[in-house]
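The structure appears right after this line, and notes come after that.
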Amino acid sequence: MAATRADVARRAGVSPSTVTYVLTGQRSTSQATRERVRQAIEELGYQPNLLASFLASRSVRSVGVLLRMERESVEVGDLLYIDGVRAGVEGAGIQVVVPMGLRSRPQDNLHDLIRSRSIDSAILMDVAIDDEREAFLLQEGVPTVLIGTSGRPGGVPSIDADFDQMAELAMRHLAALGHERVLMVTRSPDIETARAYQVQHEAVRSVAVRVGLTGVYRALPDNVIFGGQLVGPTGLVEGCTAVLSNNPAVLSGILAAAQALGLEVPRDLSAMSMGSLVSGGTGQLLASASDVDAYEMGRSAGDMLVRLIKEPGLDEHVSMPATLIDRGTTGPAPRG
(Lines give C-alpha, C1' and ligand atoms only; values in the text may rest on other atoms or scores of the structure.)
Protein backbone atom coordinates (compact mmCIF):
# COMPACT_ATOMS: atom_id res chain seq x y z
CA MET A 1 0.00 0.00 0.00
CA ALA A 2 1.29 3.47 -0.91
CA ALA A 3 2.44 5.67 1.96
CA THR A 4 0.12 8.48 3.03
CA ARG A 5 0.66 11.91 4.46
CA ALA A 6 -0.33 10.52 7.86
CA ASP A 7 2.39 7.84 7.56
CA VAL A 8 4.97 10.53 6.85
CA ALA A 9 3.73 12.57 9.82
CA ARG A 10 4.03 9.60 12.18
CA ARG A 11 7.52 8.72 10.96
CA ALA A 12 8.70 12.34 11.29
CA GLY A 13 6.95 12.91 14.63
CA VAL A 14 4.89 15.86 13.37
CA SER A 15 1.26 16.58 12.51
CA PRO A 16 -0.13 15.90 9.01
CA SER A 17 -0.65 19.62 8.54
CA THR A 18 3.07 20.21 9.21
CA VAL A 19 3.88 17.76 6.40
CA THR A 20 1.71 19.90 4.11
CA TYR A 21 3.45 23.09 5.25
CA VAL A 22 6.86 21.59 4.53
CA LEU A 23 5.75 20.46 1.06
CA THR A 24 4.03 23.68 0.05
CA GLY A 25 5.90 26.33 2.02
CA GLN A 26 2.57 27.87 3.02
CA ARG A 27 3.88 28.40 6.55
CA SER A 28 7.34 28.72 8.01
CA THR A 29 8.84 25.58 9.54
CA SER A 30 12.17 24.99 11.25
CA GLN A 31 15.09 23.50 9.35
CA ALA A 32 15.13 20.49 11.71
CA THR A 33 11.44 19.83 11.02
CA ARG A 34 11.93 20.07 7.27
CA GLU A 35 14.83 17.64 7.41
CA ARG A 36 12.80 15.10 9.42
CA VAL A 37 9.86 15.33 7.05
CA ARG A 38 12.04 15.02 3.95
CA GLN A 39 13.84 12.03 5.43
CA ALA A 40 10.50 10.35 6.20
CA ILE A 41 9.27 11.04 2.65
CA GLU A 42 12.40 9.46 1.22
CA GLU A 43 12.30 6.43 3.53
CA LEU A 44 8.61 5.75 2.85
CA GLY A 45 8.71 6.58 -0.85
CA TYR A 46 5.81 8.99 -0.36
CA GLN A 47 4.44 10.58 -3.54
CA PRO A 48 2.61 13.83 -2.71
CA ASN A 49 0.03 13.53 -5.48
CA LEU A 50 -1.94 16.63 -4.53
CA LEU A 51 1.18 18.74 -4.67
CA ALA A 52 2.22 17.22 -7.99
CA SER A 53 -1.18 18.02 -9.46
CA PHE A 54 -0.92 21.57 -8.17
CA LEU A 55 2.50 22.06 -9.70
CA ALA A 56 1.45 20.58 -13.03
CA SER A 57 -1.66 22.72 -13.37
CA ARG A 58 -0.44 26.06 -12.07
CA SER A 59 -0.10 29.01 -14.42
CA VAL A 60 3.23 30.80 -14.70
CA ARG A 61 2.93 34.34 -13.42
CA SER A 62 6.47 35.04 -12.27
CA VAL A 63 10.07 34.14 -13.04
CA GLY A 64 12.89 34.27 -10.53
CA VAL A 65 16.25 35.31 -11.95
CA LEU A 66 18.39 33.30 -9.55
CA LEU A 67 21.96 34.32 -8.85
CA ARG A 68 24.06 32.09 -6.64
CA MET A 69 22.31 32.59 -3.31
CA GLU A 70 25.60 33.00 -1.47
CA ARG A 71 26.23 36.17 -3.49
CA GLU A 72 26.65 39.29 -1.37
CA SER A 73 25.40 41.71 -4.03
CA VAL A 74 24.08 42.20 -7.54
CA GLU A 75 26.78 43.38 -9.97
CA VAL A 76 26.35 46.02 -12.67
CA GLY A 77 26.52 43.41 -15.42
CA ASP A 78 23.74 41.39 -13.80
CA LEU A 79 21.28 44.25 -14.24
CA LEU A 80 21.60 44.13 -18.02
CA TYR A 81 20.76 40.43 -18.08
CA ILE A 82 17.81 41.00 -15.74
CA ASP A 83 16.46 43.87 -17.84
CA GLY A 84 16.77 41.68 -20.93
CA VAL A 85 14.84 38.88 -19.23
CA ARG A 86 12.08 41.35 -18.40
CA ALA A 87 11.85 42.36 -22.05
CA GLY A 88 11.67 38.72 -23.09
CA VAL A 89 8.82 37.69 -20.77
CA GLU A 90 6.71 40.81 -20.33
CA GLY A 91 4.64 40.05 -23.44
CA ALA A 92 3.52 36.83 -21.74
CA GLY A 93 2.45 38.73 -18.62
CA ILE A 94 5.23 37.25 -16.48
CA GLN A 95 6.71 39.31 -13.63
CA VAL A 96 10.46 39.24 -12.95
CA VAL A 97 11.77 38.92 -9.39
CA VAL A 98 15.36 38.68 -8.16
CA PRO A 99 15.41 36.88 -4.79
CA MET A 100 18.40 37.43 -2.55
CA GLY A 101 18.17 34.75 0.13
CA LEU A 102 19.99 33.94 3.33
CA ARG A 103 23.46 32.77 2.41
CA SER A 104 23.51 30.25 5.27
CA ARG A 105 20.94 27.93 3.64
CA PRO A 106 20.69 28.53 -0.12
CA GLN A 107 18.99 25.21 -0.96
CA ASP A 108 16.30 25.72 1.68
CA ASN A 109 15.71 29.19 0.25
CA LEU A 110 15.13 27.76 -3.22
CA HIS A 111 12.84 25.08 -1.79
CA ASP A 112 10.79 27.72 0.01
CA LEU A 113 10.59 29.96 -3.07
CA ILE A 114 9.12 27.17 -5.17
CA ARG A 115 6.81 25.57 -2.62
CA SER A 116 5.37 28.93 -1.52
CA ARG A 117 4.88 29.99 -5.16
CA SER A 118 6.99 33.07 -4.65
CA ILE A 119 8.25 32.19 -8.12
CA ASP A 120 6.62 29.94 -10.74
CA SER A 121 9.59 29.57 -13.09
CA ALA A 122 13.31 30.26 -13.02
CA ILE A 123 16.24 31.56 -15.03
CA LEU A 124 19.52 30.53 -13.42
CA MET A 125 22.66 32.64 -13.59
CA ASP A 126 26.15 31.87 -12.21
CA VAL A 127 25.57 28.30 -13.38
CA ALA A 128 27.93 25.69 -11.93
CA ILE A 129 28.88 22.32 -13.36
CA ASP A 130 26.06 19.87 -12.48
CA ASP A 131 24.32 22.80 -10.80
CA GLU A 132 22.32 21.53 -7.80
CA ARG A 133 19.66 24.19 -8.38
CA GLU A 134 18.94 22.81 -11.84
CA ALA A 135 18.59 19.29 -10.41
CA PHE A 136 16.10 20.48 -7.81
CA LEU A 137 14.03 22.49 -10.30
CA LEU A 138 13.94 19.57 -12.74
CA GLN A 139 12.72 17.34 -9.93
CA GLU A 140 10.00 19.84 -9.04
CA GLY A 141 8.88 20.26 -12.66
CA VAL A 142 9.54 24.02 -12.60
CA PRO A 143 10.06 25.63 -16.06
CA THR A 144 13.73 26.62 -16.03
CA VAL A 145 16.29 28.12 -18.41
CA LEU A 146 20.01 28.54 -17.82
CA ILE A 147 22.12 31.57 -18.68
CA GLY A 148 25.19 29.38 -18.71
CA THR A 149 25.90 25.68 -19.13
CA SER A 150 25.86 22.97 -16.47
CA GLY A 151 26.89 20.03 -18.63
CA ARG A 152 24.04 17.95 -17.19
CA PRO A 153 22.77 15.28 -19.63
CA GLY A 154 19.06 15.86 -20.19
CA GLY A 155 19.30 19.28 -18.58
CA VAL A 156 17.08 22.30 -19.14
CA PRO A 157 17.33 24.69 -22.13
CA SER A 158 20.25 27.10 -22.02
CA ILE A 159 22.02 30.03 -23.62
CA ASP A 160 25.71 30.67 -23.07
CA ALA A 161 28.62 32.66 -24.43
CA ASP A 162 31.25 31.20 -26.74
CA PHE A 163 34.15 31.76 -24.36
CA ASP A 164 36.85 30.42 -26.67
CA GLN A 165 35.76 32.86 -29.38
CA MET A 166 35.53 35.65 -26.77
CA ALA A 167 39.12 35.10 -25.62
CA GLU A 168 40.43 34.85 -29.19
CA LEU A 169 38.67 38.06 -30.23
CA ALA A 170 40.33 39.95 -27.35
CA MET A 171 43.79 38.48 -27.82
CA ARG A 172 43.90 38.99 -31.58
CA HIS A 173 42.91 42.61 -30.98
CA LEU A 174 45.81 43.07 -28.55
CA ALA A 175 48.24 41.21 -30.82
CA ALA A 176 47.27 43.44 -33.75
CA LEU A 177 48.23 46.44 -31.61
CA GLY A 178 51.72 45.01 -31.12
CA HIS A 179 51.32 43.58 -27.62
CA GLU A 180 53.37 40.44 -27.04
CA ARG A 181 53.32 39.98 -23.28
CA VAL A 182 49.88 40.20 -21.67
CA LEU A 183 48.81 39.98 -18.03
CA MET A 184 45.84 37.58 -17.89
CA VAL A 185 43.82 38.07 -14.69
CA THR A 186 40.89 35.74 -14.02
CA ARG A 187 38.59 35.20 -11.08
CA SER A 188 39.91 32.46 -8.86
CA PRO A 189 38.31 29.14 -9.93
CA ASP A 190 38.81 27.86 -6.37
CA ILE A 191 36.52 30.61 -5.03
CA GLU A 192 34.13 31.27 -7.92
CA THR A 193 32.09 28.12 -8.67
CA ALA A 194 30.25 29.42 -11.76
CA ARG A 195 31.28 27.37 -14.79
CA ALA A 196 31.68 30.50 -16.94
CA TYR A 197 34.67 31.71 -14.95
CA GLN A 198 36.31 28.30 -14.96
CA VAL A 199 35.89 27.99 -18.73
CA GLN A 200 37.29 31.51 -19.24
CA HIS A 201 40.24 30.60 -17.01
CA GLU A 202 41.02 27.67 -19.31
CA ALA A 203 40.26 29.55 -22.55
CA VAL A 204 42.76 32.36 -22.00
CA ARG A 205 45.58 29.85 -21.62
CA SER A 206 44.78 27.79 -24.69
CA VAL A 207 43.99 30.79 -26.91
CA ALA A 208 47.19 32.65 -25.93
CA VAL A 209 49.23 29.76 -27.33
CA ARG A 210 47.15 29.72 -30.51
CA VAL A 211 47.47 33.48 -31.04
CA GLY A 212 51.17 33.59 -30.14
CA LEU A 213 50.99 35.81 -27.05
CA THR A 214 53.07 35.29 -23.92
CA GLY A 215 50.68 35.22 -20.99
CA VAL A 216 51.46 36.07 -17.37
CA TYR A 217 48.63 34.47 -15.42
CA ARG A 218 46.99 35.49 -12.16
CA ALA A 219 43.82 33.95 -10.69
CA LEU A 220 42.69 36.30 -7.92
CA PRO A 221 39.76 37.01 -5.58
CA ASP A 222 37.46 39.94 -6.38
CA ASN A 223 39.32 42.73 -4.60
CA VAL A 224 40.65 46.04 -5.95
CA ILE A 225 43.69 45.78 -3.67
CA PHE A 226 45.04 42.86 -5.70
CA GLY A 227 44.73 45.01 -8.82
CA GLY A 228 46.77 47.80 -7.27
CA GLN A 229 49.57 45.34 -6.58
CA LEU A 230 49.91 44.52 -10.29
CA VAL A 231 51.01 48.03 -11.32
CA GLY A 232 54.36 49.72 -10.70
CA PRO A 233 55.85 53.14 -11.56
CA THR A 234 56.65 52.08 -15.13
CA GLY A 235 53.61 49.95 -15.88
CA LEU A 236 52.28 46.45 -15.37
CA VAL A 237 54.24 43.73 -13.55
CA GLU A 238 56.70 41.41 -15.31
CA GLY A 239 57.06 43.59 -18.40
CA CYS A 240 53.46 43.18 -19.57
CA THR A 241 52.11 45.94 -21.80
CA ALA A 242 48.43 44.99 -21.59
CA VAL A 243 46.01 43.35 -19.18
CA LEU A 244 43.02 41.17 -20.08
CA SER A 245 40.67 40.28 -17.23
CA ASN A 246 37.27 38.83 -16.35
CA ASN A 247 37.70 40.09 -12.78
CA PRO A 248 36.14 43.60 -12.69
CA ALA A 249 37.30 44.39 -9.17
CA VAL A 250 40.95 43.62 -9.94
CA LEU A 251 40.79 45.46 -13.27
CA SER A 252 39.30 48.50 -11.50
CA GLY A 253 42.22 48.35 -9.06
CA ILE A 254 44.70 48.27 -11.94
CA LEU A 255 43.12 51.32 -13.58
CA ALA A 256 43.00 53.23 -10.29
CA ALA A 257 46.61 52.41 -9.46
CA ALA A 258 47.77 53.43 -12.93
CA GLN A 259 46.09 56.80 -12.53
CA ALA A 260 47.55 57.29 -9.05
CA LEU A 261 51.05 56.56 -10.38
CA GLY A 262 50.68 59.07 -13.21
CA LEU A 263 50.43 56.44 -15.95
CA GLU A 264 48.14 57.02 -18.93
CA VAL A 265 45.85 54.39 -20.42
CA PRO A 266 46.33 53.36 -23.19
CA ARG A 267 49.65 55.19 -23.74
CA ASP A 268 51.53 53.37 -20.97
CA LEU A 269 49.41 50.23 -20.72
CA SER A 270 46.30 48.79 -22.35
CA ALA A 271 43.40 47.35 -20.37
CA MET A 272 40.61 45.13 -21.58
CA SER A 273 37.82 43.18 -19.89
CA MET A 274 36.44 39.84 -21.04
CA GLY A 275 32.92 38.75 -20.17
CA SER A 276 32.50 41.35 -17.42
CA LEU A 277 31.78 45.04 -16.99
CA VAL A 278 34.09 47.52 -15.26
CA SER A 279 32.17 50.59 -14.15
CA GLY A 280 32.94 53.82 -12.31
CA GLY A 281 30.99 55.36 -9.49
CA THR A 282 28.61 57.07 -11.92
CA GLY A 283 27.89 53.82 -13.77
CA GLN A 284 30.16 54.77 -16.69
CA LEU A 285 31.80 51.73 -18.28
CA LEU A 286 35.57 52.13 -18.04
CA ALA A 287 37.27 49.45 -20.13
CA SER A 288 37.27 48.16 -23.68
CA ALA A 289 35.80 44.68 -23.76
CA SER A 290 35.29 41.42 -25.55
CA ASP A 291 31.83 40.44 -24.41
CA VAL A 292 28.37 39.26 -25.33
CA ASP A 293 25.42 41.64 -25.37
CA ALA A 294 24.13 40.94 -21.85
CA TYR A 295 20.75 42.56 -22.50
CA GLU A 296 20.23 40.51 -25.67
CA MET A 297 21.30 37.30 -23.92
CA GLY A 298 18.82 38.00 -21.11
CA ARG A 299 16.06 38.75 -23.62
CA SER A 300 16.83 35.52 -25.49
CA ALA A 301 16.67 33.57 -22.22
CA GLY A 302 13.28 35.15 -21.48
CA ASP A 303 12.01 34.24 -24.96
CA MET A 304 13.29 30.71 -24.46
CA LEU A 305 11.42 30.42 -21.15
CA VAL A 306 8.15 31.54 -22.75
CA ARG A 307 8.60 28.88 -25.46
CA LEU A 308 9.42 26.26 -22.84
CA ILE A 309 6.20 27.03 -20.98
CA LYS A 310 4.24 26.56 -24.21
CA GLU A 311 6.28 23.53 -25.32
CA PRO A 312 7.28 21.42 -22.27
CA GLY A 313 10.30 19.30 -23.11
CA LEU A 314 11.89 21.99 -25.30
CA ASP A 315 15.52 20.98 -25.90
CA GLU A 316 17.41 24.07 -27.04
CA HIS A 317 20.98 25.12 -26.31
CA VAL A 318 22.31 28.33 -27.88
CA SER A 319 25.86 29.70 -28.03
CA MET A 320 26.18 33.49 -28.44
CA PRO A 321 29.34 35.02 -29.95
CA ALA A 322 31.11 37.98 -28.37
CA THR A 323 31.77 41.34 -29.99
CA LEU A 324 34.58 43.83 -29.50
CA ILE A 325 33.63 47.05 -27.69
CA ASP A 326 36.16 49.90 -27.89
CA ARG A 327 36.02 52.26 -24.91
CA GLY A 328 39.43 53.79 -25.51
CA THR A 329 41.54 51.73 -23.10
CA THR A 330 43.56 49.75 -25.67
CA GLY A 331 46.25 51.16 -27.93
CA PRO A 332 49.62 50.37 -29.50
CA ALA A 333 52.09 48.61 -27.23
CA PRO A 334 54.55 51.09 -25.65
CA ARG A 335 58.13 50.74 -26.79
CA GLY A 336 60.66 50.89 -24.00
Side-chain angles (χ1 to χ4, degrees), residues 60 62-71 74-75 77-92 94 96-99 106-107 110 113-114 119-167 187 189 192-203 246 274-276 290-323:
V60 176
S62 64
V63 55
V65 179
L66 304 181
L67 309 171
R68 300 299 297 183
M69 288 192 176
E70 55 269 31
R71 280 269 213 107
V74 178
E75 297 177 357
D78 299 328
L79 299 178
L80 293 173
Y81 290 103
I82 293 165
D83 201 32
V85 169
R86 178 197 54 75
V89 302
E90 64 181 352
I94 297 173
V96 176
V97 296
V98 185
Q107 281 304 102
L110 183 54
L113 285 169
I114 298 304
I119 60 173
D120 301 315
S121 61
I123 292 179
L124 302 187
M125 294 179 60
D126 303 332
V127 177
I129 297 171
D130 292 327
D131 199 297
E132 72 283 358
R133 301 171 300 166
E134 180 189 14
F136 173 77
L137 293 165
L138 276 168
Q139 178 183 326
E140 294 294 311
V142 176
T144 302
V145 167
L146 308 182
I147 296 180
T149 305
S150 71
R152 183 185 305 279
V156 302
S158 65
I159 181 167
D160 203 0
D162 183 339
F163 293 111
D164 195 74
Q165 179 263 348
M166 180 185 292
R187 281 174 151 161
E192 178 52 69
T193 60
R195 177 183 177 275
Y197 298 119
Q198 298 182 38
V199 173
Q200 288 173 335
H201 182 79
E202 296 163 2
N246 70 355
M274 183 181 75
S276 63
S290 175
D291 204 353
V292 295
D293 184 328
Y295 176 88
E296 182 59 27
M297 180 173 278
R299 189 194 63 76
S300 297
D303 287 343
M304 192 179 290
L305 179 69
V306 172
R307 294 199 304 277
L308 175 63
I309 292 166
K310 294 177 180 177
E311 307 169 37
L314 178 72
D315 184 17
E316 185 174 343
H317 303 278
V318 176
S319 180
M320 179 177 285
T323 57

Rounded to the nearest 0.5 Å, what's the gap from [atom1] on [X] to [atom2] on [Y]? Could you check?
| X | Y | atom1 | atom2 | value |
| --- | --- | --- | --- | --- |
| Met297 | Leu80 | CE | CG | 12.0 Å |
| Phe163 | Ser319 | CZ | OG | 8.5 Å |
| Asp78 | Met125 | CG | CE | 4.5 Å |
| Leu146 | Leu305 | CG | CG | 11.0 Å |
| Glu132 | Leu110 | CD | CG | 8.5 Å |
| Met166 | Gln200 | CE | CD | 6.0 Å |

List the atom of [X], the atom of [Y], and the distance in Å for their closest heavy-atom pair.
| X | Y | result |
| --- | --- | --- |
| Pro157 | Met304 | CB-SD, 3.6 Å |
| Pro143 | Asp120 | CD-O, 3.6 Å |
| Asp291 | Gly275 | OD1-CA, 3.3 Å |
| Arg152 | Leu138 | CD-CD1, 3.9 Å |

Kindly write out the residues that satisfy side chain to side chain contact (heavy atoms under 4.5 Å, CB included) with Ala92, not counting sequence neighbours, or none if the list is empty.
->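 Ala92 satisfies side chain to side chain contact (heavy atoms under 4.5 Å, CB included) with Ile94, Val306 only.
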Any residue meeting side chain to side chain contact (heavy atoms under 4.5 Å, CB included) with Ala122, in chain and number order, not counting sequence neighbours |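 Listed in chain order: Leu66, Leu124, Leu137, Thr144.
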Close side-chain approach of [X] and [Y], heavy atoms under 4.5 Å:
| X | Y | result |
| --- | --- | --- |
| Tyr81 | Val65 | no |
| Ser300 | Val318 | no |
| Ile114 | Ile119 | yes |
| Arg195 | Asp160 | yes |

Listed partners of [X] passing salt bridge (charged side-chain N to carboxylate O under 4.0 Å, His left out), at least two apart:
| X | result |
| --- | --- |
| Glu311 | none |
| Asp83 | Arg86 |
| Asp131 | Arg68, Arg133 |
| Glu202 | none |

Could you list the residues that satisfy side chain to side chain donor-acceptor pair (under 3.5 Å) with Gln165, not counting sequence neighbours?
->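 Side chain to side chain donor-acceptor pair (under 3.5 Å) check on Gln165 returns nothing, list empty.
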With sequence neighbours excluded, residues passing side chain to side chain donor-acceptor pair (under 3.5 Å) with Ser158 |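 Counting only residues at least two positions away or on another chain, Ser158 forms a side chain to side chain donor-acceptor pair (under 3.5 Å) with His317.
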Enumerate the residue pairs fulfilling salt bridge (Lys or Arg N to Asp or Glu O under 4.0 Å) with a member in residues 293-306, sequence neighbours excluded, ordered by first and then second residue.
->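 Residue pairs with at least one partner in residues 293-306: Glu296-Arg299, Arg299-Asp303.
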Quick check: does any side chain N or O of Ser290 sit under 3.5 Å from a backbone N or O of Met274, one acting as donor and the other as acceptor?
->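 Answer holds: no.
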Between Ser121 (side chain) and Ser62 (backbone), is there a donor-acceptor pair under 3.5 Å?
->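 Here the side-chain-to-backbone pair exists.
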